[in-house]
Amino acid sequence: MKQIRKNARKVLFCLCGLFLLLIAYGTYSITTSGSRWFSSSLNTFAREKRGDVIAGDILDRNSETLAATIDGVRMYHADAQVRAAAVHITGDRNGNVTKSMDRVQAAYLYGFNMSFPERLSCVFSGTPRKGDDVQLTVDSHLIAYVASIFPAGKAGAVVVMNYQTGEVLTEQSFPNFDPQASAVPNLSMKPFINRAIDGLNAPGSTFKIVTAASAIENMADYATRAFHCDGLLQAGSRTVTDAGTNMSENKITQHGELNLLRAFQVSCNNTFANVALSLGDTRLRRTAEDFGFNDNFLFRDLIVENSSYPTSNRNDGELAWTGAGQSALQVSPLHMCMVASAVANKGVMMEPRMLLKATSQKNKIRAEFSTRMYRQPLTEAQADTLKGYMGAVVTGGTGTAAQIAGKKVCGKTGSAELDNQENTNAWFVGFLDEPASPYALAVVVENAGGGGSVAAPIARQIFQWLLQNGYGG
Ligand SMILES: [Zn+2]
């Protein structure tokens with residue numbers, strides 16, 4: 001009998017322990033990924049709740065209204081072009097854009113954070129409940145400008161962020177559509193996907209930022225080692241080519257004798273393949289993971305698809321192409337903007353933030369902007385060296401089309417090849433190295449050609465707009 005009681009106590013003790021663990025795990029999940037839960041279409045509670053609460057307004061950083069509910073109908077920015085350009089940020093009436101702010105910030109917009117007395121006061125006053133207003137870090141004027149210069153008829157994405165604070169000024173995707181038009185947009189180019197955070201693709205040569213970072217960290221002679229490029233490099237069963245801008249004519253570019261800095265400037269695939277082979281897969285992957293590859297991005301304000309650095313089938317051919325940014329690498333434009341931001345910000349990568357303020361209908365401030373460091377992939381000295389490399393790309397390399405007279409622009413171009421496309425994806429990631437204008441960006445134009453000729457000029461125009469519109473300068 002005594003033995004049974006003893007055992008029963010043990011079992012009870014274990015059960016209590018398990019229960020406490022479950023509560024702890026539940027609390028942890030809600031605090032770390034609560035916004036994911038609220039935004040999930042599987043969350044029937046949130047879906048039903050939305051029905052009896054009037055959604056709060058969404059405002060931009062200048063307090064311009066991006067979305068508001070008028071007579072029970074969700075209305076978006078008064079200018080049709082602006083509301084189409086911002087559709088991936090705000091969301092749309094039919095809920096086709098799934099990771100937009102009306103989902104991610106649902107906890108505020110639909111009043112899930114209301115206190116019991118607040119709810120009670122709504123019941124007694126007989127007024128319908130309205131959720132909190134949410135002010136974002138984005139700038140609707142910049143959003144409109146970006147949409148006006150993005151190549152017509154092309155798919156792609158643009159992200160602009162403050163690399164010191166993580167504030168996202170815009171993250172937009174093309175093609176877009178009018179969130180309050182009744183007509184169904186042309187679905188052939190997948191307009192509902194937000195390519196800025198969800199469009200995983202090969203980073204192409206923009207990944208050379210990571211390969212170069214790994215070389216600076218791990219190769220003692222990185223600054224002096226001489227490389228030789230004759231345009232073709234045999235690595236295992238694969239050949240790494242330097243097609244330059246003549247890919248369509250199948251011409252091979254031979255860069256000859258060059259050091260790492262020059263190779264970065266002219267984006268030499270052969271050199272970066274050689275660098276990857278001498279680093280080895282473990283070292284290169286470790287650097288990539290320091291930059292956030294293979295991590296689960298649990299950001300508070302944005303749901304960003306995870307980037308991946310492959311962990312299997314790593315033969316020499318794969319590794320060599322990885323060093324040059326091809327093979328099975330997958331990134332989102334927002335993540336590449338964060339990579340450039342870390343170089344700009346003394347090696348510190350800030351978490352991207354989009355919530356400036358959440359305010360109740362009685363003017364109670366429910367949440368306010370705060371910065372948070374995501375990680376530090378580089379030392380300040382390494383970041384400084386890499387910044388010099390990225391500066392050289394713009395002053396005398398593949399990114400000269402991003403130059404602005406009298407301002408320091410740093411960047412890296414990319415022309416990523418995709419199996420199912422005729423043309424390359426044009427990439428430019430970079431930043432203004434100006435204390436009063438700490439802004440980084442990523443530009444991707446799909447199936448459009450070279451990064452230097454297609455994406456770099458767009459980057460220049462965006463930097464120029466920032467400098468002329470109250471962002472330093
Ligand atoms: Zn080369």
Side-chain angles (χ1 to χ4, degrees), residues 202-216 218-219 221-281 283-284 287-288 315-329 336 385-386 388-402 410-418 423-430 449-456:
S205 296
T206 61
F207 187 76
K208 285 172 185 158
I209 298 170
V210 177
T211 312
S214 194
I216 291 167
N218 296 299
M219 283 166 45
D221 65 341
Y222 77 86
T224 50
R225 195 190 289 194
F227 295 90
H228 181 79
C229 163
D230 53 19
L232 292 168
L233 176 83
Q234 197 61 39
S237 58
R238 298 185 61 183
T239 312
V240 177
T241 50
D242 260 299
T245 50
N246 299 320
M247 196 178 77
S248 54
E249 298 161 37
N250 268 334
K251 277 189 190 159
I252 296 300
T253 304
Q254 298 185 324
H255 291 113
E257 203 83 8
L258 72 183
N259 62 14
L260 188 67
L261 168 61
R262 183 69 188 149
F264 191 85
Q265 219 179 355
V266 298
S267 205
C268 171
N269 285 344
N270 274 213
T271 300
F272 277 82
N274 266 320
V275 168
L277 290 170
S278 44
L279 283 167
D281 192 45
R283 285 202 194 92
L284 184 55
T287 304
N315 53 46
D316 277 359
E318 283 297 311
L319 175 58
W321 266 119
T322 303
Q326 291 286 156
S327 92
L329 289 164
M336 282 316 292
T385 304
L386 209 44
Y389 281 32
M390 290 174 72
V393 167
V394 176
T395 52
T398 54
T400 50
C410 301
K412 183 71 193 81
T413 57
S415 308
E417 291 171 38
L418 276 83
N423 227 327
T424 55
N425 281 357
W427 277 85
F428 185 91
V429 304
S453 56
V454 178

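Both ligands and their constituent atoms are indexed starting at 1 by order of listing. Keep in mind that this is a model prediction, so the values were computed, not measured.
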Out of the candidates Thr241, Thr239, Leu329, only one should pair with Trp321 under the side-chain contact (heavy atoms from CB on, under 4.5 Å) rule; please name it. Thr241

Taking only residues two or more places apart in sequence, or in another chain, which ones meet Arg262 in a side chain to side chain contact (heavy atoms under 4.5 Å, CB included)? Leu258, Asn259, Gln265, Val266

Phe264 ring centre to Lys208 NZ or CZ under 6.0 Å, with the angle to the axis within 45°? no

Set of residues satisfying side chain to side chain contact (heavy atoms under 4.5 Å, CB included) with respect to Thr413, sequence neighbours excluded: Thr398, Phe428

Give me the protein N, O or S atoms that fall under 2.8 Å of the Zn ion (ligand 1), sorted by chain and residue number. Cys229 SG, Asp242 OD2, His255 ND1, Cys268 SG

Atom pair CZ (Phe207) and OG (Ser327), whose distance is rounded to the nearest 0.5 Å: 8.0 Å

Please list all pairs passing the salt bridge (charged side-chain N to carboxylate O under 4.0 Å, His left out) test where one or both residues lie in residues 226-240, with sequence neighbours left out. Arg238-Glu318

